[in-house]
Each structure stands twice: as structure tokens, then as C-alpha cells.
Amino acid sequence: DVFLQMVQDDLDNQESVVKALNNSLAEMNANEAGGKHSPLLDKQEEMNELWKSVNSSLRDKRNKLQEKLTGVSQPR
């Protein structure tokens, strides 16, 4: 669980970067004239989907590890 905690800590640190990027892109998009679709919006969407996937994967791995640890610690 130490490894998963290290990964979680790293993700927590990266969350502020993802939020800052999203805020910057939102401001940039709001300032765009003519309502053109920017390729950066596609990259933003891809980044957000990957971010969700990584967080979901970590949550699943942590839950599976917890289930295994709970099974090991129970007397037979």
C-alpha cells in the first residue's frame, strides 16, 4: 500500500497542474474571437479523460489491494 500511497501523493500534486491548465484553456477559449474551435480544446478533453482514467485505475487498484489485505488478515 506504500507504493499506491506514493502514486496517490504524486497524483494529488499533479491535480493542481491539471486544474491550472484547464483554467488557462478556459480563459484562452473565452478570449478567442469568432468562436473558432481550437485544437487545444481537443487536447484538453483528451487530458481530462486520461486524468479521470488514471484516478479511476488507482482507486480500483487500491480497492483490490484492500480486499486482498482484508482477506489475508482474517483468521481461517
Side-chain angles (χ1 to χ4, degrees):
D1 194 36
V2 172
F3 175 74
L4 290 178
Q5 186 59 50
M6 287 175 23
V7 173
Q8 181 65 56
D9 291 345
D10 190 40
L11 285 176
D12 291 344
N13 292 333
Q14 295 301 319
E15 185 173 14
S16 62
V17 174
V18 171
K19 285 181 179 181
L21 282 169
N22 276 317
N23 289 338
S24 294
L25 287 167
E27 284 180 29
M28 199 170 74
N29 190 45
N31 293 330
E32 290 266 328
K36 292 184 204 173
H37 181 78
S38 169
L40 286 175
L41 294 177
D42 294 332
K43 289 296 181 184
Q44 178 186 24
E45 185 176 329
E46 181 182 353
M47 176 188 71
N48 287 330
E49 288 302 316
L50 289 169
W51 181 250
K52 288 177 191 175
S53 176
V54 166
N55 279 290
S56 177
S57 178
L58 180 64
R59 189 172 41 254
D60 290 346
K61 288 181 186 333
R62 176 170 273 152
N63 289 340
K64 287 179 184 176
L65 179 62
Q66 189 61 44
E67 287 173 9
K68 287 181 180 182
L69 290 173
T70 300
V72 168
S73 65
Q74 291 179 351
R76 294 179 180 216

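Side chains included, hydrogens not; waters and symmetry mates left out as well; all remaining heavy atoms used.
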Discussion item. Quick check for you: to the nearest 0.5 Å, what is the distance between Leu21 atom CG and Ser16 atom OG?
Written reply: 9.5 Å
Fill in: side chain to side chain donor-acceptor pair (under 3.5 Å) assessment of Gln8 paired with Asp12
CA-CA 6 Å; Gln8 181 65 56; Asp12 291 344; 2.9 Å; yes
Fill in: Test item: Ser57 side-chain N/O and Ser53 main-chain N/O as donor-acceptor pair under 3.5 Å
no
Fill in: In one Ile/Leu/Val/Met/Phe/Trp/Tyr side-chain cluster, 4.5 Å: Val7, Val17
yes
Discussion item. Would you compute the distance between atom CG of Asn48 and atom CD of Glu45 and round it to the nearest 0.5 angstrom?
Written reply: 8.0 Å
Discussion item. With a 4.5 Å cut-off on side-chain heavy-atom distances among I, L, V, M, F, W and Y, is there a chain of contacts connecting Leu58 to Met6?
Written reply: no
Practice prompt. Apply side chain to side chain donor-acceptor pair (under 3.5 Å) to Asn23 and Glu27, showing your working.
Written response: CA-CA 6 Å; Asn23 289 338; Glu27 284 180 29; over 6 Å; no
Practice prompt. Rounded to the nearest 0.5 Å, what's the gap from CG on Asp60 to CZ on Arg62? Could you check?
Written response: 11.5 Å
Worksheet item: Listed by chain and number, what are the salt bridge (Lys or Arg N to Asp or Glu O under 4.0 Å) partners of Lys43, not counting sequence neighbours?
Response: Glu46
Discussion item. Checking Lys64 now: which residues fulfil salt bridge (Lys or Arg N to Asp or Glu O under 4.0 Å) with it, not counting sequence neighbours?
Written reply: none
Worksheet item: Is Leu11 reachable from Leu65 through a run of hydrophobic residues whose side-chain heavy atoms are each under 4.5 Å from the next?
Response: yes
Discussion item. Working to the nearest 0.5 angstrom, can you tell me the gap between Met47 CE and Lys52 NZ?
Written reply: 11.0 Å
Practice prompt. Using modelled atom types only, decide if a donor and an acceptor are shared between the side chain of Asn22 and the backbone of Val18 within a distance under 3.5 Å.
Written response: yes
Item to complete: Tell me who clusters with Leu41, hydrophobic residues only, linked when side chains sit under 4.5 Å apart either directly or through other members.
Response: none
Item to complete: Give a yes or no answer on whether the side chain of Asn55 reaches the backbone of Trp51 with a donor-acceptor pair at less than 3.5 Å.
Response: yes
